[in-house]
There are 4 protein chains.
Amino acid sequence: MDRLLGCVEELRASRDVKELLRGMAGTAFNGRSLGEALEILEEMASTCELRILALAGAVVPAGLRGVVREAIRRGLFNVVVSTGANVTHDLLMAFGGGHYRLRRIGLEDETLRRSGFSRVYDVAVDVRGFQLLERWLREVLDSMEDGEYSTYSFLRRVGLKLNDEGCLLRQAAISGCDVVVPAFYDSIIGVQVWSLTQTRRLRVVESLDLDYMVGLQFDAKKRNAKTGILIVGGGTPKNFALQSALVADKPFDYAVQITVDPPHYGGLSGATLEEAVSWSKLSEEAKHCTVYCDFTIALPLLLSALTR
Amino acid sequence: MDRLLGCVEELRASRDVKELLRGMAGTAFNGRSLGEALEILEEMASTCELRILALAGAVVPAGLRGVVREAIRRGLFNVVVSTGANVTHDLLMAFGGGHYRLRRIGLEDETLRRSGFSRVYDVAVDVRGFQLLERWLREVLDSMEDGEYSTYSFLRRVGLKLNDEGCLLRQAAISGCDVVVPAFYDSIIGVQVWSLTQTRRLRVVESLDLDYMVGLQFDAKKRNAKTGILIVGGGTPKNFALQSALVADKPFDYAVQITVDPPHYGGLSGATLEEAVSWSKLSEEAKHCTVYCDFTIALPLLLSALTR
Amino acid sequence: MDRLLGCVEELRASRDVKELLRGMAGTAFNGRSLGEALEILEEMASTCELRILALAGAVVPAGLRGVVREAIRRGLFNVVVSTGANVTHDLLMAFGGGHYRLRRIGLEDETLRRSGFSRVYDVAVDVRGFQLLERWLREVLDSMEDGEYSTYSFLRRVGLKLNDEGCLLRQAAISGCDVVVPAFYDSIIGVQVWSLTQTRRLRVVESLDLDYMVGLQFDAKKRNAKTGILIVGGGTPKNFALQSALVADKPFDYAVQITVDPPHYGGLSGATLEEAVSWSKLSEEAKHCTVYCDFTIALPLLLSALTR
Amino acid sequence: MDRLLGCVEELRASRDVKELLRGMAGTAFNGRSLGEALEILEEMASTCELRILALAGAVVPAGLRGVVREAIRRGLFNVVVSTGANVTHDLLMAFGGGHYRLRRIGLEDETLRRSGFSRVYDVAVDVRGFQLLERWLREVLDSMEDGEYSTYSFLRRVGLKLNDEGCLLRQAAISGCDVVVPAFYDSIIGVQVWSLTQTRRLRVVESLDLDYMVGLQFDAKKRNAKTGILIVGGGTPKNFALQSALVADKPFDYAVQITVDPPHYGGLSGATLEEAVSWSKLSEEAKHCTVYCDFTIALPLLLSALTR
């Protein structure tokens, strides 16, 4: 039977993350997927010229920007496509906007609000940082030339101006890893920039990122280079990145998806990577897998195994 | 005990959708939520001046544009915030881009692709319509004046030019219901417009929609008018609409959310409406509820009970 | 392309449940599944001699025993395989054990407990009924002859002794529909019976139900009769019913599953009906479908369309 | 604000599983829960006299019996409450019943069946082992005295007779850890025993396990000993174990739940540990948490951190 791949291997407990994930590749369900994901990401790291990280989900508020920063520093990815929320929280942290763990019971949201906090499930965000952020953004905009900026070129400048070494944006800028935010104005950072650029001749224009993403794919196509993507969550980052492959007719060669959305509700976030083949977003021969898991568990595991 | 609301009422079977949903309001879990959602939407329809429908999820490919169209025709909503995908599929249908039900077994995506179809779970989309759409879009753009357009004003013009009475966009345009697509370039319609406007002095600029949405909220605030929202799915439509309430400091008074995403993965799509109170997106006194259900089941039920 | 079944049909809103579900069969995702489920259940009702309802999930606390009772009264099912919890709550309601809807916020479980309530998500159960139930059970046991009883024969006697016309058990007993509870002692009713039979020569023995279920399948096999099953939730009722088909080598001909569990975690409750074919639990030619939906929404819809 | 626990800590990548999980305890969502679960299980291991492992989900077919076996060997748990399926697969493996990883695409279940395999999501089970198992069970039964056995005492004898050191049942028997299967006859092992005991004066009687479980709780109560439980999945193992605490009025002091079922569908498997407080199944002061994660990922991580 050609459908049989080999025995399910009995897993050995191990204190070593990489060893444990390797063992899990021989098991079943999402443990198996997690182990396979590691193999695919390793191969992607060594064979793909274009290595995209699509980042949705509250990665930064959850305390994971450090592991993502390290991955960027080591060159695991050279492009990040993100929600504006992750960028917002990244900058917020640079300006005293603390993120606190909340007791899960008795979360009275009106009380939180009056105390100056907004909630992201079990994280409370100190909103005072937003004002400091806006003040600093004003300075950054003052230092920039008039004109139209794609989100990635705007965020590169922002990253270079940051002092906080902990910021994802700063590490990305230093590492030459561009950060694209396709739905820029669907975020607090976008709202602040929109507000501050009302009276300027400077604007962030999202369509310019479409040029950029499609350009990256065409370059890869010209050089006959391999491309790969790690999709965390779904949403606009997933769609925008996959869409660029369709437009350039350069389906991805490697793809790993970490999601908790099942496919049977028809949504894009839960759409399978197999389905992406029908849209020419993924190659029929692509190595791919989906890990159904909270990214706060899967991402640290994978990135620890990849960067240490 | 003030936490007790009343007996769970034994539901009577009924062939009448409205009667059945009213009965379900007295039961538990999501049957109860569905019944409560109907009450909230009825009250919203009669008390809210600003009535937003945030539409994510593959609503149009799933065959539901008719029920949404009817809801718009009857004035249930006066603003729609949508993904570009729904607009794309709406226009696609006007240009021969058929949508077909697929057998769920044996979905070979490479075969589908080669036969000219792309898949959305159990729906196959005939992609030839995309070419016809692009040709027509070219004509529409030719007929438009140069300048910058928000997505809603662009789509209003598109809607008025359509002949197909079945199109959501057309009904919206006729009914004076604006359709906002915050992540316009994250969709095939966006890619086509981007491609066709490369050499024109005409551009669709998403930030202009931020002006618009926030303006709507400020107007409502000035008039001390009530506002309400029905959120189908999550993603950018949900965030963009709720964000406008935060920016104008005009938290929603009514909100119903139809989703299948649980809150415990921290994502925006599954974020509870209670949490939105901490962000000033929803009023503490707001009437709201969340129905955890596939929208292809919940939306027809609610809209049938509301419009017939 | 033989995989294409027909156009996705645009759904028309309708106040009539049956008409709406018929229309939904032409749409997609779980709306489509719900419509298909109705067709399958209609065919099952008219062609299957053995018609099983596997009932897991808090159906009775949620206020749905009435619609299930009606379905039994009309002969839609002639065997019910249930969790002990549903039977417990059914009897509890006969003895003043009220079920109350709870406010979803501020559910302080210790306070509930001290006030004499136990919680099932958003339902509070008044636990005083348990004492009255135990007293009555004592009388019922007093009236029964010594010996060993399968759960179905024990519950038949219990049903016949009940006065409350609202009880599922009573309707089942009157209608000659047997109620099997494979994990009888995994429930409060089981604990009470266990406690009360410590000093009696009367015992409920679950293995006798295995004889019974397998016997039903062998009878159907002998008569070359069709068999069908509606699975609500998963758990022991699903497994026990499907297992009897395997043991008798009489795979089901019709199956509908209402669940919210996806298959990719490998659990039995989310296992697909396709997978059941590999276990000879379902025939390869069986008509089947799965509706991913809260049963408090799907069950009333289906049973209303079937019984009115 | 007493609801704030401390800053979200930025996670450091680490190759050491224990160090990584400790770091995750300072993050958010289920990464945080996983880290907290480790702390709770460590405390439970050192303070609880009664330490229960409730095991649902296809743990054995997924290749995890080794890590569970190790945990039992080290005394992490002294009672296991399991589904019959896990016991069945454990014994199956001793008799040549191989478990194979399947390609996830093109799983044609009828073909699998004809080739002698049954499927558990992405695992194919070679069913020939069932016949060998039945033959061996016959021998075991021949060697046992007539009488009635609880499932745990039956399975202890089975475990002692096994030669395969890899078997969970054998390790449990050697370690004095009893394995209770409340829904014994809802499994293939139960069906085989039922079949083989038709003509014997030997029977496995599930109600005797109720005596046993409740007895364990009463003992702990008498000694004023702490009790703890790790719940993997839900179903009968979860309910039966928690129920015994209710019956003896000895609510658990420690509880960790690994599940993927959300609470809002009202089911027992997704019921929160908070809700269990209202049923006196968990103490109000209990240390507890729920990790929403596939057990094939969470269990190896926790058990590796606990046993190495």
Side-chain angles (χ1 to χ4, degrees), chain B residues 1-18 20 23-24 26-32 34 58 61-67 70 98-103 105-107 112 115 117 120-124 166 274 292-294 296-298 300-301 303-305 307-308, chain C residues 1 3-18 20 23-24 26-32 34 58 61-67 70 98-103 105-107 111-112 115 117 120-124 166 274 292-294 296-298 300-301 303-305 307-308:
Chain B
M1 279 216 57
D2 76 316
R3 248 174 307 279
L4 299 187
L5 293 171
C7 280
V8 168
E9 283 153 42
E10 212 160 271
L11 182 67
R12 274 212 183 136
S14 170
R15 279 283 289 270
D16 183 76
V17 170
K18 189 179 276 198
L20 191 63
M24 283 161 89
T27 64
F29 319 155
N30 290 287
R32 167 184 165 183
L34 189 67
L64 298 192
R65 72 173 186 163
V67 296
E70 182 66 10
H99 292 71
Y100 301 88
R101 283 172 297 122
L102 274 167
R103 275 189 221 290
I105 301 284
L107 297 167
L112 272 175
S115 312
F117 294 94
V120 178
Y121 187 56
D122 61 355
V123 175
E274 286 84 17
Y292 292 97
C293 188
D294 187 326
T296 57
I297 293 178
L301 289 171
L303 296 184
S304 292
T307 62
R308 295 236 169 284
Chain C
M1 281 217 56
R3 248 174 307 278
L4 300 185
L5 292 172
C7 281
V8 167
E9 283 153 42
E10 212 161 270
L11 182 65
R12 273 211 184 135
S14 169
R15 279 283 290 269
D16 182 77
V17 170
K18 188 180 276 198
L20 191 63
M24 284 162 88
T27 64
F29 320 155
N30 291 286
R32 167 184 166 183
L34 189 67
L64 298 191
R65 72 172 186 166
V67 296
E70 182 66 9
H99 291 71
Y100 301 88
R101 284 173 296 122
L102 274 168
R103 275 188 220 289
I105 302 284
L107 298 166
T111 308
L112 273 176
S115 313
F117 294 94
V120 179
Y121 187 56
D122 61 353
V123 174
E274 286 84 16
Y292 292 97
C293 188
D294 186 330
T296 57
I297 292 177
L301 290 170
L303 296 184
S304 292
T307 62
R308 293 236 172 287

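Bear in mind the structure is a predicted one, so any value in this text is a computation, not a measurement. Here is how names work: the chains are called A, B, and so on, in the same order as the sequence lines, proteins then strands, and each is numbered from 1.
Heavy atoms closer than 4.5 Å to chain B are found in the side chain of C:Cys293, but not in its backbone. Contact annotation for C:Val67: both backbone and side-chain heavy atoms come within less than 4.5 Å of a heavy atom of chain B. For a residue to count as touching a neighbouring chain, one of its non-hydrogen atoms must lie under 4.5 Å from one of that chain's; by this rule C:Ala298 does not touch chain B. Residue C:Glu70 does not touch chain B at all, counting heavy-atom pairs closer than 4.5 Å. C:Arg12 touches chain B through its backbone: at least one of N, CA, C or O sits under 4.5 Å from a heavy atom, while the side chain does not. Both the backbone and the side chain of C:Leu11 come within contact range of chain B, each with at least one heavy atom under 4.5 Å from a heavy atom of that chain.
At least one donor-acceptor pair closer than 3.5 Å links the side chain of C:Ser304 to the backbone N or O of B:Ser14. Counting only distance, with no hydrogens or angles, the side chain of B:Arg15 and the backbone of C:Arg308 share a donor-acceptor pair below 3.5 Å. For B:Asn30 (side chain) and C:Asp294 (main-chain N/O), no donor-acceptor pair under 3.5 Å exists by modelled atom type.
The greatest number of non-hydrogen atom pairs below 4.5 Å with chain B, out of C:Leu20, C:Thr27, C:Val8, is found for C:Val8. Ranked by non-hydrogen atom pairs under 4.5 Å with chain C, the options B:Gly66, B:Gly98, B:Cys7 are led by B:Cys7.
In this structure the side chain of B:Val120 reaches within 4.5 angstrom of the side chain of C:Phe29, judged on heavy atoms. Looking only at side-chain heavy atoms (C-beta outward), B:Met24 and C:Ile297 come within less than 4.5 Å of each other. For the pair B:Leu5/C:Arg103, a side-chain contact is recorded, criterion being any heavy-atom separation below 4.5 Å from C-beta on. In this structure, C:Leu4 and B:Leu102 have side chains that are in contact, with non-hydrogen atoms separated by less than 4.5 Å.
Of all non-hydrogen atoms in B:Gly31 and C:Thr296, the two that sit nearest each other are N-OG1, 2.8 Å. Minimum heavy-atom separation, C:Asp16 to B:Val17: C-CG2, 4.2 Å.
Here the CG atom belonging to C:Leu301 is positioned 8.0 Å from the CG atom belonging to B:Leu34, to the nearest 0.5 angstrom. To the nearest 0.5 Å, atoms CG (B:Leu112) and CZ (C:Arg3) are separated by 6.0 Å.
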